[in-house]
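Beneath this line is the structure, given in structure tokens, with notes to follow.
In this text the structure is predicted, and so the values were computed from the model without any measurement. As a basis for the values below, the full set of heavy atoms in this structure was taken, side chains included, without hydrogen atoms, waters or symmetry mates. Throughout, protein chains are lettered first and strands after them, A, B, ... in sequence-line order, and every chain is numbered starting at 1.
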Amino acid sequence: MKTARYDNHVRYFFTRYLKKCPEGRRLGIMEPTDIPKAYDPKEWEDRLYRKWEESGFFNPDTCIKKGVTKADAEPFSILMPPPNVTGVLHLGHAMENSIMDVVARYHRMRGERTLFLPGADHAAVATQSRVEKNLVASGMSNPRQELGRERLLEKIRAFADESKDTITKQVRAMGSSCDWSRFAYTFDDARVLAVNTMFKKMYDDGLIYKGYRVVNWSVKGQSTCSDDELEHIERPATLYTFRYSKDFPIPVATTRPETKLGDTAVAVHPEDPRYRDLIGQIFEVEIGAAKPLSIRIIGDEEVDPSFGTGAVGVTPAHSQTDFDIRQRHPEISLVQVIGTDGKMTADAGPTYAGLTALEAREKFIAAIREKGLLEKEEDITQNVGTSDRFGDVIEVVPMEQWFVAVNKEIPGRGKTLKDLMREAVTTGLGGDPEKRTSVQPEQFEKIYLHWIDSLRDWCISRQIWWGHRIPVWYREKSKVESEKSEVSEGEGEAEIYCGMEAPEGEGWEQDPDTLDTWFSSGLWTFSTLGWPDTEADDFKTFHPVTFMQMGSEIVFFWMARMILMTTYTLDTIPFKTVYIHGILRDKDGRKFSKSLGNGIDPIDIGKEYGTDALRLALLSDVTPGNDSRFSTEKMETSRNFVNKLWNISRYIATMSVASDEAPAPKSLSDRFILGRLSQIIHETTGHLSENRFSLASETLRSFTLDDFADWYVEIHKVEKNDTVLRHVFDALLRLWHPFLPFVTEAINETRGDDTSLMIAKWPEFEKTQNISSDENRFKLIKDLIVKIRNIRTVYKIDPKQKLVITAYGGSEKALQDKALDESGVIRDNEEVFKKLARISEVRHTDSRIPPKGTVRIQVGLLYIFLHLDGIIDIDAERARLGKELADAETYAKSLEAKLGNPSFAERAPEAIVTQTRNLLDETNTKVEELSGHLFSISS
RNA sequence: GGUCGCUUAGCUCAGUUGGUUAGAGCACUGCAUUCACAUUGCAGGGGUCGGUGGUUCGAGUCCACCAGCGACCACCA
């Protein structure tokens with residue numbers, strides 16, 4: 001990095017610092033205090049986390065037992081979205097943990113009964129596909145075949161356990177104050193019980209059914225996947241228009257000619273004059289399939305007559321929409337020509353059977369071209385669904401699978417699952433506003449509702465092995481006589497049983513399939529709290545969950561399923577507030593991904609800059625719903641800030657004395673800083689209560705750096721009011737603690753305070769009197785000092801040279817004049833003024849005539865004369881004042897115009913009008929004074 | 001194609017319900033620095049808030065249209 005500032009440092013270091021600096025300092029030998037000059041997170045973090053964990057305060061029960069939280073305190077619960085046990089956590093997780101932990105620590109400090117519950121997700125298909133990939137990479141060609149179900153599961157379990165360990169270590173390293181004693185895993189016994197209970201309940205209610213329908217099939221993964229697990233990608237394709245035979249009346253178009261071997265109908269719009277008369281006719285065509293196709297012409301409203309040929313070749317077996325058409329027209333048949341192995345079936349005919357779909361396509365096109373049936377070929381771009389886990393293009397095939405019926409009426413409720421899902425975010429369940437989830441930001445409510453509209457029955461069975469086994473058993477009826485069971489019904493030849501455990505008796509075999517991982521995730525908000533025992537303490541106390549956060553990409557997968565499951569089984573909402581954030585990108589706006597190689601390990605970056613810096617960098621950027629970017633520059637800024645806080649504490653430790661006395665404000669500065677503190681407590685509390693993390697951190701940051709470090713600490717060097725200094729800093733530490741748990745706790749320890757900040761009381765907003773009056777008066781001093789410094793910079797006055805000022809109105813006589821009351825601030829704060837503006841002498845005058853050789857500096861109605869005789873070029877100053885005057889005049893004019901507008905006075909609120917009028921008065925006076933001064937300025 | 005967003009300083013972004021002359025961090029310029037802090041301090045330059053129109057006493061903020069960008073949804077066969 002090469003900057004002007006950096007060059008300055010280098011020059012300074014070699015030309016002056018080395019000469020002046022005693023050997024010891026340069027080598028970093030200890031200061032008079034034993035507190036290190038720089039905060040070193042590595043020295044603290046592990047130990048502090050251990051201390052917190054051992055204290056037991058992560059556990060809300062312990063907090064009550066030890067009297068930190070009142071037994072009847074308001075409960076506050078946060079559930080960690082369980083990270084997948086597929087490896088290690090990434091920066092996005094770090095961001096989520098930061099969000100949750102800020103919320104948890106804030107509410108805990110406010111005295112609420114706070115539970116932050118951690119967990120991990122077995123992530124069915126994600127984990128299995130990861131382990132299979134690893135096995136293939138290490139030389140196995142087909143892990144499922146070579147190992148078999150049990151041995152492969154062993155491997156996956158081992159991988160998952162190791163990954164779970166890594167993940168919990170990482171969550172700890174982030175400083176997350178979660179209650180490890182309640183750690184939940186989506187695949188442990190308690191959760192298995194919950195899953196089976198829920199499955200059976202839905203099965204009994206007829207909401208889970210087994211049906212023969214087309215599903216998304218991953219040939220590579222040899223499993224189904226739900227609509228939401230598809231990732232649509234664009235790719236070039238060819239759109240072929242052809243006729244089934246020479247005498248077939250309608251040409252049809254397709255991008256997948258090979259599936260046409262399974263066509264059983266052509267759909268046209270029922271009113272289409274071109275084809276109306278053909279509806280109902282059946283054509284026998286011979287295109288190479290095992291049997292000649294009988295194509296029935298049907299009329300369907302969904303067909304758009306203006307698109308293409310206005311006719312759709314219907315392939316019910318290999319298209320979701322075509323399957324839906326068949327639901328409306330049961331008279332047409334279904335022929336499956338592609339199998340689960342991705343190859344053409346026997347029904348596709350001897351020419352094609354056994355070929356891959358792609359091979360069959362080429363062959364089919366060649367055949368119809370030869371016969372002169374191909375009418376048109378166009379290049380188009382097409383969207384195809386791919387499996388988000390296995391990566392291959394999804395085949396749509398008809399199969400018997402398990403589904404959750406979302407459009408079916410729930411017995412006894414008169415509503416469907418979809419209805420409940422809508423109510424939960426709109427009117428509240430059953431119209432009860434208490435049972436309404438607040439979605440932040442609101443726009444996701446719309447997105448979610450829109451998604452529900454197009455939601456189809458959810459396919460929940462998977463053919464992978466890693467996951468909750470479907471709690472259903474079958475046996476051939478002929479083998480054993482029907483036995484007593486909770487649910488059992490004859491279905492043709494086989495008996496079927498759904499229950500918590502295998503049924504008694506011989507010959508039962510469990511369904512080999514497992515459940516979609518989101519089935520168990522959907523139960524997370526209550527399966528972690530003791531359900532199905534609805535009398536469990538945690539369930540009664542912490543459900544519905546108070547705060548939930550998640551990434552926008554997971555809203556449909558997860559939020560929707562949690563709402564579905566909870567509204568259905570508990571007749572309430574899963575959580576009161578859900579905070580949805582965007583994804584974290586790298587500094588160039590790209591997603592973090594393995595293939596780009598731009599991944600950053602949160603633990604590494606946390607070690608380098610400190611976990612607090614990482615948390616601050618991540619949180620100060622988070623606004624609801626928006627993506628944010630991560631960069632090392634932001635890390636540096638945050639680390640520097642953390643170090644600043646540390647050094648403020650060093651100053652306080654060495655330059656002030658602790659005492660039990662209440663803060664005793666003595667000066668304007670004291671009242672100012674206490675007033676400001678009050679204000680920012682109020683603001684920060686409001687921001688955190690409403691989950692405005694970036695605003696909260698910004699409020700604290702500007703107070704800490706600007707008001708406190710740059711002004712009050714400097715003033716303390718003069719006024720030395722230790723009680724106020726320490727009081728403000730103490731409150732500041734507590735305010736920062738949720739964001740920066742480690743450094744604040746470390747500082748707290750160096751102060752010799754044994755009580756953890758984690759359970760310290762959140763500062764209360766105290767309404768102090770005259771905040772604004774003190775603030776305004778202090779601002780006069782501040783602005784005046786800044787202006788004097790500015791003049792010093794502009795005229796390159798040696799910083800060591802002290803100046804003399806004459807304060808107008810500082811005389812006894814002037815002080816009696818109420819209009820000039822403000823000038824009293826200089827008299828009252830002379831020492832501060834001398835120190836911060838490097839003034840050697842303050843003279844007072846009640847004459848408006850500038851003393852010889854001075855320039856005048858004005859803030860509001862207060863002005864002083866700065867003695868610069870022989871120091872600067874007075875003519876240059878005249879020019880500077882001229883510009884200031886011009887600015888003031890422009891501003892005064894704009895204010896006048898505003899006030900001159902009759903409707904402004906009429907319609908604007910009183911306060912705004914008064915405010916504007918005062919501003920104009922002030923500005924006019926300033927203009928007057930300045931122009932007078934321009935004429936009288938003299939060298 | 002549908003839906004939902006985004007566009008504010010060179011860069012990354014704040015700006016809660018419309019109200020003083022629009023903010024921060026980084027970057028940039030100048031100065032200083034044996035000072036709690038070189039992971040530092042002080043001062044400064046830089047924006048007609050994407051465009052056009054509207055509502056309003058008043059618009060970065062509300063509305064409409066336009067342009068550019070993005071995300072999600074969708075098998076126009």
Less than 3.5 Å between a donor and an acceptor, one on the side chain of A:Lys796 and one on the base of B:rC31, is that the case here?
no
Check this for me: does the side-chain of A:Asn790 come within 3.5 Å of the base of B:rA43 through a donor and an acceptor?
no
Has A:His269 got a side-chain atom pairing as donor or acceptor with A:Asp304's backbone, closer than 3.5 angstrom?
no
Mutual orientation of the aromatic rings belonging to A:Tyr244 and A:Phe248 [parallel < 30°, tilted 30-60°, perpendicular > 60°]
perpendicular
Can you tell me how far P of B:rG25 sits from CG of A:Leu619, to the nearest Å?
18 Å
For B:rC62, the Watson-Crick or wobble partner whose two distances fall under 3.5 Å:
B:rG54
In whole angstroms, the gap separating P of B:rC42 from CG of A:Leu836 amounts to 10 Å
With a sphere of 6.0 Å drawn around NE2 of A:His682, does it hold more than 12 non-hydrogen atoms of other residues, nucleotides or ligands?
no
Could you state the interatomic distance from CZ (A:Arg751) to CZ (A:Phe729), rounded to the nearest 0.5 Å?
7.0 Å
Does the ring center of A:Phe693 lie less than 6.0 Å from the ring center of A:Tyr579?
yes
I want to verify a distance call: between B:rC42, B:rU40, B:rC73, whose nearest atom is closest to the A:Asn640 side chain?
B:rU40
Nearest-neighbour nucleotide for the A:Lys800 side chain, B:rG19, B:rU33, B:rC73 considered:
B:rU33
Select from A:Thr255 and A:Ile785 the residue whose nearest nucleotide in RNA chain B is closer to the 5' end of that strand.
A:Ile785
Consider the side chain of A:Phe904, meaning its heavy atoms from C-beta on, and name the nucleotide among B:rG19, B:rC76, B:rC26 that approaches it most closely.
B:rG19
Closest to the A:Val303 side chain: B:rU21, B:rA77, B:rC37?
B:rA77
So, is A:Lys644 near the phosphate of B:rG41, with a side-chain N or O under 4.0 Å from OP1 or OP2?
yes
Suppose we define a pair by two distances each less than 3.5 Å, Watson-Crick or G-U wobble; what does B:rU12 pair with here?
B:rA24
Return a single string for nucleotides 2-17 of chain B, one symbol per nucleotide in 5' to 3' order, where B is base contact, S is sugar-phosphate-only contact and - is none, cutoff 4.0 angstrom on heavy atoms.
--SS------SSS-B-
Counting heavy atoms from C-beta on, name the nucleotide in B:rU39, B:rU21, B:rA36 closest to the side chain of A:Tyr891.
B:rU21
Rounded to whole angstrom units, what separation is found between the CG atom of A:Leu705 and the C1' atom of B:rU39?
12 Å
Mate of B:rU7 across any strand shown (Watson-Crick or G-U wobble, both atom pairs under 3.5 Å) is B:rA67
Between the main-chain N or O of A:Val832 and the side-chain N or O of A:Lys835, is there a donor-acceptor pair closer than 3.5 Å?
no
Strictly by Watson-Crick or wobble contacts shorter than 3.5 Å, is anything paired with B:rC72, and which nucleotide is it?
B:rG2
In terms of the nearest nucleotide of RNA chain B, which residue is placed more toward the 5' end: A:Val312 or A:Trp451?
A:Trp451
Is A:Glu714 side chain donor-acceptor paired with the B:rA36 base, going by distance under 3.5 Å alone?
yes
State, to 0.1 Å, how close A:Asp612 and A:Phe739 come at their nearest heavy-atom pair, and which atoms those are.
OD1-O, 4.3 Å
For B:rG46, the nucleotide meeting Watson-Crick or G-U wobble distances (both under 3.5 Å) is none
Does B:rC42 have OP1 or OP2 sitting under 4.0 Å from an N or O in the side chain of A:Arg789?
no
Have A:Ser226 and A:Glu229 got a donor and an acceptor in their side chains that come within less than 3.5 Å?
yes
Which nucleotide wins on minimum distance to the side chain of A:Pro799, given the candidates B:rU21, B:rA32, B:rA71?
B:rA32
